[in-house]
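Below is one structure, written out as structure tokens; comments come after it.
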Amino acid sequence: MKYLLQRIAFYVFTAWAAITLNFFIPRMVPGDPVQSLITKFQGQMSTQAINSLYVLFGLDNDKGIWGQYLDYWKQLFHGDLGLSFTFFPTPVSEVISGSIAWTLALVGITTVISFFLGTGLGVLAGWRRGSWTDGLLPVTTFLSSVPYFWLGLIAIYLLTGPGSFFPSSGGFTPGLVPAWDQYFIPSAIKHSLLPAATILISSVSGWILSMRNMMVTVASEDYITVAHAKGLSDRRVALSYAARNALLPNVSGFALSLGFIVGGTLLVEIVFSYPGLGFQLFLALGAKDYPLMQGIFLVITISVLVANLLADIAYLLLDPRTRKEG
Amino acid sequence: MTTSEPVLEIRNLNVDYGLGPQAVHAVRDVSLTLHRGEVLGLAGESGSGKSTLAYGMTRLLAPPGAISGGSVIYHPADGEPYDVLSLSDNDLRGFRWAETAIVFQGAMNSLNPVHKISTQLNDVLQAHDPKMSAHARNARCREMLKLVGISPDRMEAYPHQLSGGMRQRVMIGMALILQPQVVIMDEPTTALDVVMQRQILGQLIELRERLGFSVIFITHDLSLLVEFSDRIAIMYGGRIVEEAPATALYKDSLHPYSEGLLGSFPALRGPRRELAGIPGSPPDLKAMPTGCSFHPRCPKAFDPCAETIPALGHPDTPDGGTRSVACWLHPVREPVG
């Protein structure tokens with residue numbers, strides 16, 4: 001328990017540091033959001049309106065940087081991430097919650113499928129080492145080294161186009177209203193197939209390789225020989241002894257990859273113009289939309305930290321050696 | 001305790017690592033008989049094939065190890081003897097641990113670090129007797145721990161919470177849980193300190209007297225063997241070069257290699273004597289010397305040694321009926337195996 005509290009304290013500190021950086025970095029970037037907004041409205045704004053925009057964005061010159069920093073924290077605790085510039089005057093929190101569902105559904109589900117599929121195949125390949133499964137290895141090594149945005153481009157090039165089943169971009173057919181109905185859901189699934197497939201193909205190999213290698217390492221441990229000598233069935237030795245122990249590094253890898261669901265697939269979303277968080281971040285960068293950028297960075301940071309904490313907890317549960325007490 | 005009734009007969013066993021012409025012959029033509037209730041010591045330098053012999057006769061060799069010939073006849077307490085090497089996979093699983101249990105070299109790594117002691121004791125019972133109730137299994141596990149001197153409330157402990165000696169005791173308890181007739185000990189105490197070694201071996205001998213199993217005790221520590229075993233077989237270069245009752249071997253070893261081994265550790269009792277090592281190093285199994293594989297290091301080598309391999313046989317001595325040796329110095333009355 002003491003260990004867990006230590007970890008939590010560490011993560012709280014990291015979160016503070018990340019949020020602080022998150023506040024300062026956009027302010028160090030040259031350029032001014034209000035200026036870009038003025039450009040957007042093609043200069044047709046009164047001086048009064050411009051001044052009130054400065055106040056609204058918390059960029060009014062009266063307040064020093066520390067005052068702004070404190071305000072930032074105050075707003076954070078109220079769940080207020082400010083107003084988005086690009087989607088003015090929609091609050092950032094609303095923009096994020098609108099797009100995060102897309103990312104979670106697409107990348108979240110594929111990450112989970114990829115992990116279970118890859119780990120399962122890895123167990124098999126590691127246990128049946130020297131059989132036909134070894135033929136999989138060059139293929140998986142090749143696939144794991146292919147960047148997935150490139151795979152996405154190839155998929156778009158080869159599989160989409162006029163008359164093709166697969167749409168080349170977007171999250172659903174334009175014109176549909178997002179709702180749980182028989183028009184929207186099939187359309188959303190159809191749009192997610194290609195991005196999901198590219199993520200799956202390029203990420204599953206990593207799980208296969210790491211699990212297989214751990215299986216091979218663990219298979220030479222003494223306790224595996226002992227388990228065989230005990231007359232246990234091959235299946236029990238493979239799952240309860242070899243795979244159970246080989247799983248440990250993969251589980252922490254999985255928890256970390258959960259953290260990267262939110263931010264890690266930026267490129268896939270850009271390639272497929274998928275309306276997820278990564279695509280939103282891409283748009284925000286282009287529009288110098290500081291509040292939205294900050295908001296998305298915050299979500300990414302927090303999800304990575306939470307995933308790390310989950311990895312720690314999973315390790316505590318799975319490996320008794322990490323439990324200090326007792 | 002010892003009877004002349006055999007429980008395990010190894011006949012002309014050959015074990016290779018690798019296949020074809022590049023294969024390394026790690027165990028060559030070994031014949032050895034373990035009698036009921038006996039402690040048979042198996043000694044030799046590292047790389048002499050002791051452990052390979054143990055893994056070979058239980059079919060636990062990991063690839064590229066392979067048995068290339070011979071048979072291992074097991075005599076069950078009741079029923080016909082059978083060849084372990086020709087058992088089907090399913091029968092082999094049933095045979096393992098129930099008839100022949102093994103205590104392995106690495107006391108530290110023999111237990112799976114992520115499972116509780118109770119789980120690891122339990123799954124033996126579960127695998128061999130699926131009908132046994134959870135309550136009965138638990139009672140049996142506690143009984144075994146008590147037998148090896150570990151408090152039964154350590155059942156729920158994880159291996160890393162036990163000391164090395166305790167872990168090896170758990171392994172011994174685990175080995176005896178199905179009351180096997182044969183327990184193979186592959187350097188069971190190498191990772192432990194001397195005091196713990198004695199304690200554990202003493203306990204083992206006591207248990208053997210109580211439960212009546214036979215032991216094959218593999219070690220490079222000949223002093224331990226002299227003290228704890230009934231008979232000792234010495235291996236060199238994958239072959240058995242001498243086999244004799246422990247006292248006979250200690251007092252009057254025939255093979256120069258046995259003599260060398262005995263001369264290289266201090267006697268526990270009796271007058272002080274000069275310690276001497278064996279010059280040279282163990283043979284390269286890939287390029288074995290012709291003739292007796294020990295002849296390049298042997299102080300007493302003479303003409304025939306480099307040419308022909310001496311056969312293991314009963315020597316022409318008064319106690320020749322109870323011992324055997326493979327050396328040109330000792331004319332063989334009748335061959336073994």
Side-chain angles (χ1 to χ4, degrees), chain A residues 3 119 123 125-134 211-212 214-252 311-326, chain B residues 51 54-55 58-64 87 89-117 119-130 156-161 167 170-171 174-175 177-178 180 183-184 186 191:
Chain A
Y3 172 74
T119 305
V123 169
W127 196 243
R128 300 255 168 273
R129 181 163 59 121
S131 68
W132 60 270
T133 50
D134 282 7
M211 191 61 192
R212 180 203 175 262
M214 271 317 288
M215 277 296 279
V216 171
T217 311
V218 169
S220 62
E221 292 282 347
D222 287 343
Y223 51 77
I224 301 293
T225 316
V226 173
H228 278 301
K230 276 154 83 174
L232 305 183
S233 67
D234 197 51
R235 200 186 145 78
R236 174 137 174 93
V237 180
L239 296 180
S240 172
Y241 281 73
R244 172 68 173 73
N245 293 53
L247 196 62
L248 294 171
N250 247 29
V251 164
S252 52
D312 282 349
I313 293 173
Y315 233 93
L316 275 183
L317 292 178
L318 285 174
D319 192 345
R321 284 165 296 184
T322 52
R323 291 172 222 156
K324 293 263 172 65
E325 71 275 6
Chain B
S51 297
Y55 286 101
T58 47
R59 287 173 62 183
L60 278 169
L61 281 169
L87 286 178
D89 280 0
N90 211 16
D91 290 342
L92 180 66
R93 268 200 289 281
F95 167 81
R96 282 173 173 172
W97 222 257
E99 310 290 346
T100 312
I102 311 176
V103 177
F104 289 93
Q105 215 160 26
M108 301 297 167
N109 305 322
S110 289
L111 290 164
N112 188 337
V114 304
H115 290 307
K116 288 176 183 166
I117 302 298
T119 316
Q120 303 191 47
L121 286 169
N122 251 305
D123 63 7
V124 183
L125 295 171
Q126 212 160 13
H128 288 273
D129 186 4
E156 299 309 307
Y158 286 97
H160 72 279
Q161 294 165 326
R167 276 184 240 181
V170 169
M171 284 313 294
M174 194 186 285
I177 199 164
L178 295 171
V183 177
I184 298 171
D186 183 9

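Naming convention: chains lettered A, B, ... in sequence-line order (proteins, then strands); numbering from 1 in each chain.
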Would you say A:L232 and B:D123 make side-chain contact, with heavy atoms under 4.5 Å? yes

With a 4.5 Å cut-off on side-chain heavy atoms, are B:P113 and A:Y223 touching? yes

Which distance, rounded to the nearest 0.5 Å, do you find between the CG of B:D186 and the CG of A:D222? 9.5 Å

So, A:Y241 versus B:H115, ring centres under 6.0 angstrom or not? yes

Give, as side chain, backbone, both or neither, the part of B:Y55 having an atom under 4.5 angstrom from any heavy atom of chain A. side chain

Looking at side-chain heavy atoms only, is the closest gap between A:H228 and B:R93 below 4.5 Å? no

Rounded to the nearest 0.5 Å, what separation is found between the CG atom of B:N112 and the CD atom of A:E221? 9.0 Å

Checking A:D319 against B:Y158 for the side-chain hydrogen bond (donor to acceptor under 3.5 Å, both in side chains) test, could you report, in this order, the C-alpha distance in whole Å, the side-chain angles of both residues, the deciding distance, and whether it holds? CA-CA 10 Å; A:D319 192 345; B:Y158 286 97; over 6 Å; no

NZ-CD1 distance between A:K230 and B:I102, expressed to the nearest 0.5 angstrom: 12.5 Å

Got B:D89 and A:D234 here, is their nearest side-chain heavy-atom distance under 4.5 Å? no

At a heavy-atom separation under 4.5 Å, does B:Q120 approach chain A through its side chain, its backbone, both, or neither? both

Do you know which of A:V226, A:T225, A:L248 has the most heavy-atom pairs with chain B at a distance under 4.5 angstrom? A:V226

Heavy atoms only: give me the nearest A:G231-B:A127 pair and the separation to one decimal. O-CB, 4.1 Å

Quick one: what part of A:S240 sits under 4.5 Å from any heavy atom of chain B, side chain, backbone, both or neither? both

